[in-house]
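Notes to accompany the following structure.
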There are 2 protein chains.
Amino acid sequence: MPEPVEYFNSAISVNCAVFAYDKADENLKILLIHREFDPYKGLLALPGGLVYPNESLDNAVENIVKSVTGIDYFYSEQVRAFTDTNRHPSGRVVSIAYLCLVNLKDVNLTNSSFAISPEWYPIHEKPNLVFDHDHITDTAYQRLQNDLRIKPLAFELLNSKFTLPQLQTLYEVVLNTQFDKRNFRRKLAYMDYIEDTKEVQKYNLYRPAKLYRFNHEKFSIMRKKGSLFSI
Amino acid sequence: MPEPVEYFNSAISVNCAVFAYDKADENLKILLIHREFDPYKGLLALPGGLVYPNESLDNAVENIVKSVTGIDYFYSEQVRAFTDTNRHPSGRVVSIAYLCLVNLKDVNLTNSSFAISPEWYPIHEKPNLVFDHDHITDTAYQRLQNDLRIKPLAFELLNSKFTLPQLQTLYEVVLNTQFDKRNFRRKLAYMDYIEDTKEVQKYNLYRPAKLYRFNHEKFSIMRKKGSLFSI
DNA sequence: ACAAAAGTGTTGACATTACACCCATGC
DNA sequence: GCATGGGTGTAATGTCAACACTTTTGT
């Protein structure tokens with residue numbers, strides 16, 4: 001197919017559904033920002049932005065999340081492209097959505113050049129967003145729910161040392177289900193890459209819980225041997 | 001974020017991984033074309049093309065597959081976006097990949113304005129393709145393998161009336177596994193939306209197999225009731 | 001009658017669920 | 001010593017995998 005210039009006048013954007021888990025109030029939260037510029041200046045949206053023609057999307061996602069949260073390294077995966085012709089008032093803008101997971105305690109929310117007043121919202125109290133960002137959010141949340149059961153993503157949302165009650169509550173909150181405590185723990189006991197740190201939780205009111213650690217190296221060795229993660 | 005024109009000089013393309021199942025030689029096949037234009041004129045590629053700024057991607061996919069195969073309605077789903085900055089020599093072209101499933105007997109391969117000499121290739125004898133189309137093909141095939149187990153996609157690849165041996169062989173070929181005949185058939189027996197047509201296969205050498213039909217309406221009622229498809 | 005593929009049930013192994021009490025700690 | 005959440009095993013059930021013979025048809 002010949003490529004007349006008229007094809008080269010679309011724009012690419014990324015939008016990031018950034019999730020964090022708040023142990024304090026046991027809520028899954030999503031990061032929303034107020035748009036600094038038109039269209040929809042001042043209104044709530046997912047963090048994101050247009051991508052330079054020579055910029056990689058991974059780079060764009062890193063920059064966006066880092067500029068808002070201050071975090072350097074975090075889990076991210078592409079969800080899918082959102083391509084409705086009329087999704088953006090300024091022209092043809094295809095948005096590639098990313099699911100990002102961060103640890104709340106590493107986050108330092110700051111205004112950036114394109115995102116003011118970033119804030120965490122419990123996923124079930126999310127206000128309406130601009131563009132098709134409600135749809136993107138729903139799709140990303142479904143992906144998170146799906147992937148949480150088959151990939152070790154929970155550990156991206158917790159501190160490197162965590163307790164089993166914390167882990168179980170995280171699963172229950174994100175998946176909106178209940179797990180039997182003993183069955184849940186038995187399943188984890190088979191996962192050799194979840195290690196007892198021999199430490200216990202500090203500063204808690206009653207019996208302190210043991211702290212565990214997710215060993216990424218052991219997990220990737222296990223995975224190469226064909227062992228699958230499943231909750 | 002302000003939107004200077006420099007953002008609006010990327011192009012969007014779709015690429016279609018079109019799969020069909022050939023009962024005759026029991027192969028899963030993928031549709032490849034020779035490119036009519038530069039870059040890579042004459043070389044093998046996935047069917048696809050640049051998308052007009054006001055054109056929906058679903059439309060683009062339909063046009064492409066119809067122009068090559070003559071088929072009007074077929075199953076398709078987005079796989080994901082391929083976005084490497086250097087994937088296309090003519091500039092920034094983001095490709096959105098689609099998985100398409102067609103019934104071989106409905107197909108009439110014809111040259112089109114952008115695709116010459118379309119041909120079916122057994123997926124395991126696929127030659128190397130241009131751009132990142134090998135990568136796209138791998139990803140789409142993995143998606144097909146994954147979805148075949150949890151969505152009723154096999155019926156998109158078979159005639160509306162099919163036999164259980166055909167269905168089982170299709171699963172075995174696409175997933176590259178073996179199933180126990182009795183276990184496989186028991187699983188299907190629980191699916192009320194797979195109906196006995198009371199007809200049998202004609203013109204076959206030995207004992208004729210019963211013909212079944214996938215009832216889409218019954219399936220979507222079942223699914224609404226929460227029943228999940230699984231092989 | 002024979003060759004070839006279609007069709008059919010049962011059993012054991014394993015995985016999943018349901019369920020109730022003792023333990024460790026801070027106050 | 002009491003209040004609270006942390007931590008532990010067993011039995012029943014359901015699911016999945018293994019397995020061999022009879023039936024139907026065309027020639």
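Note: hydrogens, waters and symmetry copies are ignored here, and every other heavy atom, side chains too, is used.
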Rounded to whole Å, please give me the gap between [atom1] in [X] and [atom2] in [N].
| X | N | atom1 | atom2 | result |
| --- | --- | --- | --- | --- |
| A/F179 | C/dA18 | CZ | C1' | 15 Å |
| B/Y190 | C/dT8 | OH | P | 14 Å |
| A/L188 | D/dG6 | CG | P | 15 Å |
| B/K187 | D/dG14 | NZ | P | 18 Å |
| B/R182 | D/dA17 | CZ | P | 14 Å |
| A/Y206 | D/dG6 | OH | P | 11 Å |
| B/N204 | D/dG26 | CG | P | 8 Å |
| B/D180 | C/dA13 | CG | C1' | 15 Å |

Considering only heavy atoms and no angle criterion, is a donor-acceptor pair shorter than 3.5 Å present between the side chain of [X] and the base of [N]?
| X | N | result |
| --- | --- | --- |
| A/R207 | D/dT4 | no |
| A/R186 | C/dA15 | no |
| A/N183 | C/dA18 | yes |
| A/K210 | D/dG7 | no |

Problem set entry | Salt bridge flag under 4.0 Å for residues A/K66 and A/D72 | yes

Problem set entry | Salt-bridge contact B/E195-B/K161 (side-chain N to carboxylate O under 4.0 Å) | no

For this session: Look at A/R185 and D/dG7 and indicate whether a side-chain polar atom (N or O) is within less than 4.0 Å of OP1 or OP2.
Result: yes

For this session: Verify the distance criterion only: is there a donor paired with an acceptor across the side chains of A/R143 and A/N146 at less than 3.5 Å?
Result: no

Exercise. Can any side-chain N or O of A/D180 pair as donor or acceptor with the backbone N or O of A/R182 at less than 3.5 Å?
Worked result: yes

